[in-house]
Number of protein chains: 2
Amino acid sequence: MENGTSKQRILEHAYQLGGLYGLESVTIGQLAEQLGMSKAGVYGHFGSKQALQLEVIRYARAVFLRDVIQPAEAQPAGVPRLWAMCNILVSYSAGTGLHGGDFWVTVFHEYGSRSGAVRDAVERTFSGWLQRLEQLIATAVELRQLVPCDPAQLAFEIQALLNAGGHVFRLCQDPKAPERGQGAIRQRLETLRGPAFPALNE
Amino acid sequence: MENGTSKQRILEHAYQLGGLYGLESVTIGQLAEQLGMSKAGVYGHFGSKQALQLEVIRYARAVFLRDVIQPAEAQPAGVPRLWAMCNILVSYSAGTGLHGGDFWVTVFHEYGSRSGAVRDAVERTFSGWLQRLEQLIATAVELRQLVPCDPAQLAFEIQALLNAGGHVFRLCQDPKAPERGQGAIRQRLETLRGPAFPALNE
DNA sequence: CCTACCGATCGGTAGG
DNA sequence: CCTACCGATCGGTAGG
């Protein structure tokens with residue numbers, strides 16, 4: 001992610017195409033042509049299409065960590081960090097170009113009914129994301145920012161609303177969609193308001 | 001949908017495959033082989049792959065109307081009909097095999113970033129579904145089953161939670177996922193409870 | 001990293 | 001509905 005080697009250029013481009021059209025429909029010939037390389041030049045960096053797909057997933061995880069998880073960790077644990085993460089993702093979805101969140105919205109759905117190593121990696125990423133949300137919620141409950149509730153249930157709801165915001169934004173070209181997701185999450189958090197509930201900025 | 005002509009068999013099979021792997025990855029050769037026909041035999045019913053895709057979408061709309069919309073219309077307008085529709089969709093998602101709701105969860109996301117006639121048909125279907133939800137909500141407000149609220153916002157949330165239930169059910173093989181969506185919708189409706197709020201069965 | 005190639009499959013066509 | 005075929009593209013390989 002940090003350098004401009006040819007392999008990084010391939011991964012970045014495959015990441016962009018994968019987020020637009022799905023990771024299964026990224027082809028080696030297409031990457032080669034659009035990057036001004038030969039097919040064998042692209043292929044040689046990975047050794048199989050599946051290895052390329054798995055490396056794109058690794059790459060996308062690193063982007064998500066860098067652009068979403070880590071910035072949010074500048075905020076205090078619990079609701080502030082959870083809310084910051086939601087805001088960052090909403091900004092991503094509402095951005096004009098191709099951004100990180102959309103890769104995962106596309107790929108999470110693309111592999112829902114498939115099987116194999118790529119699907120397994122996608123599912124691990126999704127489950128890890130849900131678990132991270134659950135931990136933030138559990139911490140928020142411990143800190144009495146939220147009243148006792150089922151963290152898995154609330155994490156499911158937050159993920160549903162964030163994904164739908166990005167999805168409806170694209171499918172319907174509706175610029176208000178990500179804010180609808182954000183507003184629904186805010187409303188839900190306020191419903192669960194505990195004695196130490198913090199202000200929700202932005 | 002009602003007869004077993006060869007064209008109907010093709011559409012039904014393409015509908016099943018499309019819901020599993022996406023409509024773009026359904027191929028004419030694959031359909032021909034799995035149905036015991038020649039490629040030209042399949043192709044001749046449609047004249048182009050795009051025409052086939054558009055007919056599968058028409059077919060899927062008819063299935064959705066028959067299996068979700070019409071059964072729910074046996075219930076009184078407003079919240080009972082809205083809640084019945086949600087319950088039917090949750091049962092669909094939680095069913096063991098391939099069912100109608102999953103086609104749309106897959107295809108709505110598949111065409112988020114594409115363009116062309118198929119994407120346009122998918123978007124019209126999605127917008128029509130959202131509008132139907134909005135109408136039920138607006139009626140529920142008029143009947144004082146719900147307090148005044150933004151129907152477009154609530155429709156967005158319900159759609160997000162239903163889709164996510166089906167999605168997480170498949171990706172994580174989590175049988176509780178559709179019920180999580182259902183529970184979140186129930187909770188949301190009860191938050192908006194008006195003086196004429198009806199009992200939510202099931 | 002390249003050229004040149006492999007068998008398989010793609011959407012689509014000709015002709016019956 | 002079929003066989004037989006078209007050019008293009010697929011993932012992948014050989015050899016350098």
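Every value quoted in this text rests on a predicted model; they were computed, and no experiment measured them. Proteins come first, then strands; the chains are lettered A, B, ... in the order of their sequence lines, and each starts at number 1.
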Report task. Using a strict 4.0 Å threshold on nitrogen-to-oxygen distance, state whether B/Glu55 and B/Lys7 make a salt bridge. Result ->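 Looking at B/Lys7 together with B/Glu55, the answer is yes, because their closest N to O distance falls below 4.0 Å.
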Identify which nucleotide among [options] has an atom closest to any side-chain atom of [X], counting heavy atoms from C-beta outward.
X	options	answer
A/His45	D/dA4, C/dT3, C/dC1	C/dC1
A/Ser6	D/dC2, C/dC1, C/dG12	C/dC1
A/Met37	C/dC1, D/dC2, D/dG11	C/dC1

Whole-Å distance between [N] [atom2] and [X] [atom1]?
X	N	atom1	atom2	answer
A/Ile28	C/dT3	CD1	P	16 Å
A/Lys39	D/dG15	NZ	P	18 Å
B/Gln53	C/dC10	CD	P	14 Å
B/Leu17	C/dC10	CG	P	12 Å
B/Glu24	C/dC10	CD	P	14 Å
A/Glu33	D/dG11	CD	P	13 Å
A/Leu31	D/dG12	CG	P	13 Å

Report task. Please work out which of the three classes, parallel, tilted or perpendicular, describes the rings of A/His109 and A/His167, given edges at 30° and 60°. Result ->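 Parallel: the ring planes of A/His167 and A/His109 meet at under 30°.
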Query raised in the report: For the residue pair B/Tyr15 and B/Tyr59, does the interplanar ring angle fall in the parallel (under 30°), tilted (30 to 60°) or perpendicular (over 60°) class?
Result: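 If you compare the ring of B/Tyr15 with that of B/Tyr59, the planes turn out perpendicular.
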**Report entry** Counter-base of D/dT9, judged by Watson-Crick or G-U geometry with both distances under 3.5 Å
**Finding:**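 D/dT9 is paired, partner C/dA8.
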Report task. With a 3.5 angstrom cut-off on both distances, give the Watson-Crick or G-U wobble partner of D/dG15, or none if there isn't one. Result ->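 Answer to the pairing question: C/dC2, which forms a Watson-Crick or G-U pair with D/dG15.
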**Report entry** Smallest separation among heavy atoms of B/Leu171 and A/Glu123, with atom names
**Finding:**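 Looking at all heavy atoms of both residues, the shortest contact is O-CG, 3.0 Å.
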Query raised in the report: Has A/Ser38 got a side-chain N or O lying under 4.0 Å from the OP1 or OP2 atom of C/dC1?
Result: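 A/Ser38 to C/dC1 OP1/OP2: no side-chain N or O under 4.0 Å.
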Query raised in the report: Within the pair A/Tyr43 and D/dG11, is there a side-chain N or O less than 4.0 Å away from OP1 or OP2?
Result: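 No.
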Query - Sub-6.0 Å ring centroid separation between A/Trp129 and A/Phe64 - result: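 They qualify: ring centres under 6.0 Å apart.
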Query raised in the report: D/dG12 base to A/Lys49 side chain: any donor-acceptor pair below 3.5 Å?
Result: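 Result: no qualifying N/O pair found.
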Query - DNA chain D: 5'-proximal contact among A/Gly47 and A/Thr27 (nearest heavy atom) - result: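 Between the two, 5'-proximity favours A/Thr27.
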